[in-house]
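Single-structure report; data block below.
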Amino acid sequence: MDLSDYYSIDAILAENQKVQCKFKQKIPDMGHLGGSTDRDIVQNAKLQVPVWLAYIVLYSDWADLVMPTPFIPRVHNALKAEPRSVRLSTLTGAGGSWYMFGKMIMDIVQGNKAEELASLMTEAFKIRLAETVDQAQHFASLGPIGAGGPAGDPAQAFREGLDITEREIFILTQESVKRTKWWFDEKSHR
């Protein structure tokens, strides 16, 4: 974790995401890490560990990272095909912080894989940002929160699939539109 993320709740939640590690060697007296009653971690064992612990395990060269599901090729292909259709909030737990979790994974994998992941996340964010702002402006013009379209509305489904970062942008855009409208209405009454 970067020092700038030290107090970030989102970073803390992202570091508590679990990743699967395949152990290269036997690790004595550490079987409890996998929630097992076994005393040792055996060679080739696959265990789910939080990201904060994965840093230690991977950098000590005791294990290899198994790429987490939110970043497997199937998700890459879906994001490359149509980023707006992917429900990022369902890909990760802990409030749906896909971008922050991806940043943590980039720190672990480094090199070409990290660059590829960074490119994918940046492109997805750019494309989704325009739609997020557009939907937030539309939603703000409808009136109070909750005054959206029907339950099966594609725009509503899009909003529910937003990552936590995108949700923050959505709320800020809504507030901005409401304040701009209020300012314009006040100005026109004078």
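Values in this document were obtained by computation on a predicted structure and should not be read as measured data.
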Audit row: I169, F125, side chain to side chain contact (heavy atoms under 4.5 Å, CB included) steps and yes/no: CA-CA 11 Å; I169 292 170; F125 185 78; 3.6 Å; yes
So does V86 get a backbone contact from the side chain of R128, meaning a donor-acceptor N/O pair under 3.5 Å? yes
Distance, nearest 0.5 Å, that separates CG of D134 from CZ of F170: 10.0 Å
Quick one: are Y99 and E166 in side-chain contact, heavy atoms under 4.5 Å? yes
Quick one: does I41's side chain get under 4.5 Å of L47's, heavy atoms only? yes
So do the side chains of T92 and Q17 get within less than 4.5 Å of each other, counting heavy atoms only? yes
Any heavy-atom pair between the side chains of L120 and K80 that's under 4.5 Å? yes
Nearest-0.5 Å distance that lies between atom OG in S60 and atom CD1 in I27: 8.5 Å
Considering only heavy atoms from C-beta outward, does the side chain of M106 approach that of Q110 to under 4.5 Å? no
If two hydrophobic side chains count as joined below 4.5 Å and joins carry through other members, does M100 share a cluster with I171? no
Closest approach of R167 to L162 (non-hydrogen atoms, all atoms of both residues): NH2-O, 2.9 Å
Over all atoms of both residues, closest heavy-atom pair of I127 and P83: CD1-CG, 3.8 Å
Quick one: do E116 and K113 make a salt bridge, cutoff under 4.0 Å? no
Do you know which of L53, V51, V57 makes side-chain contact (heavy atoms from CB on, under 4.5 Å) with Y55? V51
Calculate, to the nearest 0.5 Å, the distance between atoms CG and CZ belonging to L58 and F23 respectively. 8.0 Å
Do the two ring centres, one from W98 and one from F71, sit under 6.0 Å apart? yes
Could you tell me if the side chain of C21 sits less than 4.5 Å from the side chain of V66, heavy atoms only? no
Distance in Å, R179 CZ paired with Q174 CD, rounded so as to fall on 0.5 Å steps: 12.5 Å
Is it the case that over 12 heavy atoms from other parts of the model lie below 6.0 angstrom from the CG atom of N112? no
Rounding to 0.5 Å, atoms OG (S97) and CG (L88) come to a distance of 10.5 Å
Quick one: does any side-chain atom of S176 pair with a main-chain N or O of L172 as donor and acceptor, under 3.5 Å? no
Below 4.0 angstrom, N of the basic side chain to O of the carboxylate: do D64 and K22 qualify? no
Do the side chains of V19 and Q48 get nearer than 4.5 Å, heavy atoms only? no
Has T69 got a side-chain atom pairing as donor or acceptor with L91's backbone, closer than 3.5 angstrom? no
From H76 atom NE2 to M67 atom CE, the distance as rounded to the nearest 0.5 Å: 6.5 Å
Main chain of T165, side chain of D163: is a donor-acceptor contact present, judged purely on distance under 3.5 Å? yes
Contact check, side chains of Q43 and K24, non-hydrogen atoms, under 4.5 Å: no
